[in-house]
Asker: 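There's a structure below that I have some questions on.
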Amino acid sequence: MGPVELLHMSVFSQSFSPCGRFLAAGNNYGEIALFSLSAALSPDASEGSQKPILNFTAHDGPVFSLLSTDTHLLSAGNGEISAWSWAELIKKVSQLFSKCMTSLEIPEINAMIINPKDNSLIVGGGDNNIHIMDMETGIFKSVLKGHTDYIHCLCFKEREEEILSGGEDGAVRIWGHTEIPLSRFQTCSGMVGQECARPQFGKWISCLATDSDWMLCGGGPSLSLWHLRSMSPTSVFPLPGCQREAVFHQDLIMSVGEGPYVSHCLHGGTVKAQIPCTPSSLNTLALNLKNTEHRVMTVGGSSHQIDVFTNFSYRAFSLSF
Amino acid sequence: MSSDAVKKRKPKVIRSEAGAPETKRGRAEGDQDVRVYNEEVELEVRDPQQDYMLYKDTCAALAKLMEEIQELKAGGAKVQSVEIEERRTQCSVHFITLKKLNRLAHMRLKKGRDQTHEAKQRVDVLHLQLQNLLYEVMHLQKEIGKCLEFRSQHEEIELVSEEEFFQEAPAEISRPHVTRDDQHQLTLARLDWELEQRKRLAEQYKMSLARKEKIQKAIEQKREYLSSLQPGLQNIMQASLPVQEYLAIPFEHMQKQAEVARHLPPPLYVLLVQAGAYGQACDKNLSVSISGDVDEAKALSRPPEDSQDDESDSDAEEEQQNTKRRRATLGVQLDDKRKEMLRRHPLSLCVDLKCKDGSVLHLFFYYLMNLNILTVKTKVSTTTDLSGAVSAGELLNSESLLNCLYASDHGKETPNPANRYQFDKVGITTFGDYVSDLGHPFVWVQKLGGLQFSSGGAQSGLTGSALSASHMERTMKLLRGRLQARLALHKQFSSLEHSIIPVSSECQHLFPAKVVSGLVRWTTMSCQEFTELGFVQHVLKAGLVHETDLFFMATVERGTARLRAAVVMNPRYPEVAPLFSLSLHWKGERSGRTDDNLQAMESEVNVFRSELQGPRPGLQLLTNQIQRLCVCLDVYLETESQVCDGSEGPKEFPREKMCLRTARGPSRLKPFKYNHPQGFFSHR
């Protein structure tokens, strides 16, 4: 990785280890780097501890999605999903066993989520469909079709076991146990939710998050908070750029997207703070809630540096590839 | 003494008195028995002890008489009484006795003194004689000592040892029958023998001298003969020149060069030998020649009158001179010292590298004697006229042509750490000021001359010729590559300035057949201007920009869209690829930082540069990069489906490029990768 390559690197995905002491990040060159949070957060941390302890090439395309189960790290490349054992990774050995999804060839995989109830992996990507795979057996159980353009993001409602998907076509679809979408609603102009539409950007939905009855969605349209039962937006957040990832955290909403800052918003619709960070635009935000010692928020975007926030209000330091 | 004298006089008087009458009588009665009264004779007879007793008696008697007189006078007797008279007469007689005794005593004393004196005299004489004798004895002893210590000159002569003498000397000299017994004779014989030998050797010496003279004369004659041959040989050489040229063996030229080369300083000599060897063995297009003033060089190699190493001496001299004549100003003195320190050797090497297209890179190597470094100056001569391109002004500039031939070899500072101390003495802060005059002291130049300076970093254990040889091939290749790259760039620039991107036939497959966006401007920028641009700050922060780099601005336009690309070119192009930073002006201003797609375009030309290298040696990298930018701009503009100002209407740029998908991934990137020969665009 020469300096020119580092200059043009983008971080697309992050995932914390089950114990919460390690962070895995994937970039646009197909590499996954493993950072040791305990080393970076310790009092005698040095420059070296902000470098990855392990850096390996996982796929030949960009790694758009990383997901951690209790024992494995799942990474998605161009049409393939690989599983890496966390135990092996921590020992700085990259060992792969991958399950290629034969039904997806060229298309990329943008989002992966897990349904813990029946231990299945839900994958959405470039072929406009959602695939559900059984993690034990590794075979694909079902395909959810409906979107007319590729899927950006997926999200899972635990209580009802429903899947929400947002795509390039601007539609958010809610899927139940059947293959037929329960409902769909679009957020572009002419339909419900006119106030959040932003035609100058487009209609795609790139981020979704749910908190039982509430749903956040944003992308081309402004980030907005919807009440699911009534299917109406309750508040629209006046954020200038297109948001790529948003999460609910306690009573705050944190979102990242175009623009070099993390936005903290309140449910009411006000933007409480915008915390500046190094990358000029952000792709991914992750919160390490599993481990109380290393409770940090990390963001990555179009830079080779990943910012770490120990106190969510300001940037502490940056890890770099 | 005076009493002595008086007493002496008295007896004389008496004697003469006694004598006079006696002599009268004597003369009168000559035949008669002469009665001589000699008191001295009487003295011998009388006994001193008796005289003493007589004296005491007389004194006693006198005293008694006086007593009696006294008694009588006291008794009332008269003065003229008979008893007193009698007694008086007796007293007078006693007085006379006393007087005689006194006289005798004096005479005895005198006699005694005389006798003592005589004895003393005699003793003195004897004493003197004794001393004389002792003195003589001592003298004689000394003489004896001297005689015994006498060293004859003959003992200083080194003689052969006795055994050798007996062995070598002929019998008549050695006379063993005599000499074996007699040491004196032996010594004499040995001396004789020595004399003989010396005479003989002197004879031999004279003969040898004579021989030497003869031989000397013979040598002289032969020398004259040889020198008379010289003009003849010269004529032959002259006559053979045309033959040499005809046969292409520049024998004489090489000899002349070798002759001059003897006066070269060592580093230049090493360079000459190694470059010449390399040229003969591997590279026919390399030629080396020496230029400069040979006489000055010869003058230098004579023992120097004022050695520069001994600064204190020359300073002292200068001071003395200054007190004698008008003092030069301090500045002038310092200037002179500086000039002296930076003096070049009068001889220099000229290495010519010819390229296939006829252009030549001339390298002039100089040696700075006091600093012990080599410097180089360059000149490029081409067959075609190169005044076309304005932006290419810096490319073949002799100051910067050889910048960074090896990474970070700027040639602005002297690589010899000892020079720092020399500079401090004469107040030179940095060598960079003199570089344009004296040439660039690149590290590779030092290595070619076999000079190795410990300046950190790994160094091999080679010095001298081995060092030079190990670097020669690579350096020559780099030099040639540099010249070719620069010339190629020159041509490309003149084409770019005419808004034509020259794409060779070998690289046509990298781009689609139809490219609508076109280059409208190609200009050069200064480092200052570059750093002031807003959209290049990320490159500056990453430390990828150096002062020695070349900066350009390319402007690509299509319709209302204008793409500006700031280019940073490392002097080591094409080994190090140029770095592009983009800024698009179309319905607002966007740059690679704000727009992910522009960053993807930057990636296309910066990160995937190996695809754009073209045929070896990769001289078309820049033009291919610019062409790819144009292609990417086409794709960008055509796939932009949104209409920003809200109005519906025909798109400014109709879709012409074939793309499978226009957006992919979370950042919705456009397909910039061109696939050949299918001709469609896809994502990476």
Side-chain angles (χ1 to χ4, degrees), chain A residues 1-10 12-13 28-30 60-65 78 106-111 125-128 149-153 167-168 189 198-204 206-207 219-220 241-242 244-245 257-260 278-284 301-304, chain B residues 535-545 568 570 576-582 587-588 590-610 639-648 660-669 671 673 675 680 682-684:
Chain A
M1 267 300 111
V4 177
E5 281 81 4
L6 277 181
L7 204 59
H8 293 89
M9 189 184 287
S10 295
F12 282 115
S13 51
N28 58 330
Y29 296 116
D60 40 322
V63 180
F64 287 131
S65 176
N78 272 354
I106 309 167
E108 76 283 14
I109 295 167
N110 284 327
D127 67 343
N128 310 350
D149 210 337
Y150 74 97
I151 295 165
H152 270 276
C153 45
E168 179 76 10
S189 62
R198 291 191 296 196
Q200 71 271 27
F201 288 117
K203 52 183 180 170
W204 76 91
S206 54
C207 67
C242 303
R244 302 224 180 100
E245 189 148 351
E258 278 175 15
T278 356
S280 50
S281 69
L282 294 164
N283 291 326
T284 160
S302 57
S303 158
H304 63 99
Chain B
F535 53 94
V536 304
Q537 299 307 315
H538 62 288
V539 179
L540 289 167
K541 242 190 280 182
L544 293 166
V545 172
V568 182
N570 194 294
V576 177
L579 205 60
F580 283 75
S581 311
L582 300 177
K587 296 182 176 144
R590 336 165 185 196
S591 78
R593 307 302 102 219
T594 54
D595 189 334
D596 283 327
N597 280 305
L598 280 179
Q599 193 187 24
M601 278 166 67
E602 284 178 358
S603 260
E604 279 294 308
V605 288
N606 290 335
V607 177
F608 300 104
R609 55 191 181 265
S610 46
T639 53
E640 196 74 5
S641 51
Q642 281 77 16
V643 182
C644 290
D645 51 7
S647 62
E648 301 278 348
L660 295 179
R661 282 171 64 180
T662 55
R664 185 174 186 266
S667 41
R668 304 177 65 246
L669 293 176
K673 179 177 166 194
N675 296 297
F680 67 93
S682 61
H683 291 84
R684 286 209 182 259

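Worth knowing before you read on, the calculation uses all heavy atoms, side chains too, and leaves out hydrogens, waters and symmetry mates. Chain naming here is simple, since letters A, B, ... match the order of the sequence lines and numbering starts at 1 in each.
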Asker: What is the distance from atom OG of S280(A) to atom CD of Q537(B), rounded to the nearest 0.5 Å?
Answerer: 13.0 Å

Asker: Please step through side chain to side chain contact (heavy atoms under 4.5 Å, CB included) for the pair R609(B) and V4(A), ending with a clear verdict.
Answerer: CA-CA 11 Å; R609(B) 55 191 181 265; V4(A) 177; 3.9 Å; yes

Asker: Heavy-atom distances under 4.5 Å only: say whether N606(B) touches chain A with side chain, backbone, both or neither.
Answerer: both

Asker: Quick one: closest heavy-atom pair of S10(A) and Q599(B), and the distance?
Answerer: OG-OE1, 3.8 Å

Asker: If every non-hydrogen atom of S281(A) is compared with every non-hydrogen atom of D596(B), which pair is closest and at what distance?
Answerer: OG-OD1, 3.4 Å

Asker: To the nearest 0.5 Å, what is the distance between CG on D127(A) and CZ on R661(B)?
Answerer: 8.5 Å

Asker: On a heavy-atom basis, which atom in H8(A) and which in S603(B) lie closest, and how many Å separate them?
Answerer: CB-OG, 3.4 Å

Asker: Quick check for you: to the nearest 0.5 Å, what is the distance between L6(A) atom CG and L544(B) atom CG?
Answerer: 9.5 Å

Asker: For a quick test of reading the model, state the closest non-hydrogen atom pair linking Y150(A) to G665(B) and the distance between them.
Answerer: OH-O, 2.9 Å

Asker: Before you tell me yes or no, could you show the steps for R664(B) and F64(A) under side chain to side chain contact (heavy atoms under 4.5 Å, CB included), namely the whole-Å CA-CA distance, both residues' side-chain angles and the distance that decides it to 0.1 Å?
Answerer: CA-CA 11 Å; R664(B) 185 174 186 266; F64(A) 287 131; 4.1 Å; yes

Asker: Identify the heavy atoms of E168(A) and R668(B) that sit nearest to each other, and give their distance.
Answerer: OE2-NH2, 2.9 Å

Asker: Relative to chain B, which segment of P279(A) carries a heavy atom at a distance below 4.5 Å: side chain, backbone, both, or neither?
Answerer: neither

